[in-house]
Amino acid sequence: MLTCNSSQKTTVPSSIRDMPVAKNIILLIGDGMGISQISAGLYANKNSLNLERFKIVGFHKSYASNNLIPDSASGATAFACGIKTYTGAIGVGPDSVAVESILEEAESRNKATGLIATSSIVHATPASFIAHQVNRAMYEAIAADFVKTDIDYFVGGGLKYFERRVLDDRDLSVEFRKKGYTISNFLVEEFSDIDVFGIKKLGYYTADNQPLSAEAGRNYLIPSLQKGIQFLKLRSKEGFFLMAEGSQIDWGGHANNSDFLVTEMIEFDKAIGIALSFAERNKETLVIVTADHECGGYSINQGSKMGKIVGAFTTVNHTADLIPVFAFGPGAEQFSGIYENTEIYHKMRNAFGFD
Ligand code: MG
Ligand code: ZN
């Protein structure tokens, strides 16, 4: 596995070398969350979002190596591994060679690590931080990659890819338990009933495949983020890396459903508030909020008013819009300006003080 793609690595200005080190990073990805999605969430939510609490805002260029229109795999691999790669690539470069992710680097430096998604946990966004596969649809292979790591905390859908596999007859939950994990799922107990104190590592499946929408009753993003932060903080004195995804903002875009998109956006913003409030108290935590790409070519049209958005779409697919990046905490100042999506990886490494 390549440890870093030096041809795409940027030089670090001395002002950044001197900046305070972030012990913890919380990366929050709103899948498909462009400027219009944020705007719609803002106006639908009585002109107020936690995103407004950020003072440092920039933009990234979301395109993939093979297509100006990115997908979640190329987008998340850019953040996770610092490489521009092709659509569908999970933690591999354009040559299909695996590249170490920021989560794996954090793990090798004894930081605690976690992934949360409101999609399946083997879906492209979380997968790109922990797996290395040539195609995002290889869900069972991606699930098997989870077991190769020492991730401390993961919460998301996709039970069947771990426990009822077609590829082989392994039960990955059994393998996790042998490694000391507490593994549970939505059929056994509510996420809110899980007591994370006193357990070593946690994996919790929130659905057999894809979780419900927030509108249909999915409600674990906020508690899994709250518990995850506390769990990971206690787990290692070296700090932690946690990625949490509002996965379904994107699905509202694909469905050309403005109300779906807006409810997912507002829920994701509540998660942002949780992370920010922790970082404000903790003072050693960098919080970054961004999206992999825009979805739907969404706009807020005539007839919209405060509290009620009339949205329109130009496509059921993704677009190549510039994507906003919000940052708070040690190293946040690096995130102003306009830069490639791969720079988010390098800026996170700089903030962690990795050389
Ligand atoms: Mg996603
Ligand atoms: Zn999408």
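This is a predicted model, so every value here is computed, not measured. Just so you know, ligand 1 is whichever comes first in the structure, and atom 1 is the first atom listed for that ligand. Throughout, residue positions are numbered sequentially from 1 according to the sequence presented. Below, each value reflects all heavy atoms present in this structure, side chains not excepted, and no hydrogens, waters or symmetry copies.
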- request: Check whether more than 12 heavy atoms from other residues, nucleotides or ligands sit under 6.0 Å from atom CD of Glu189, and answer yes or no.
  value: yes
task: Run the salt-bridge test on Asp171 and Arg177 with the 4.0 Å N-O cut-off and return the result as yes or no.
output: no
- prompt: Is Arg109 salt-bridged to Glu238, going by a charged N under 4.0 Å from an acidic O?
  reply: no
query: Do other residues, nucleotides or ligands put more than 12 heavy atoms under 6.0 Å from the CG atom of Asp169?
result: no
- prompt: Hey, is there an N, O or S on Asp292 sitting under 2.8 Å from the Mg ion (ligand 1)?
  reply: no
query: Hey, which N, O or S atom on Asp31 ends up closest to the Mg ion (ligand 1)?
result: OD2
message: Under 2.8 Å from the Zn ion (ligand 2), can any N, O or S atom of His293 be found?
response: no
query: From the Mg ion (ligand 1) out to just under 2.8 Å, does an N/O/S atom of Thr125 turn up?
result: yes
field: N, O or S from Glu245 under 2.8 Å to the Mg ion (ligand 1)
entry: yes
task: Please work out the angle at the Zn ion (ligand 2) defined by atom NE2 of His254 on one side and atom OD1 of Asp250 on the other, rounded to 10°.
output: 100°
task: Can you measure from CD1 (Ile121) to OH (Tyr204) and round to the nearest 0.5 angstrom?
output: 13.0 Å
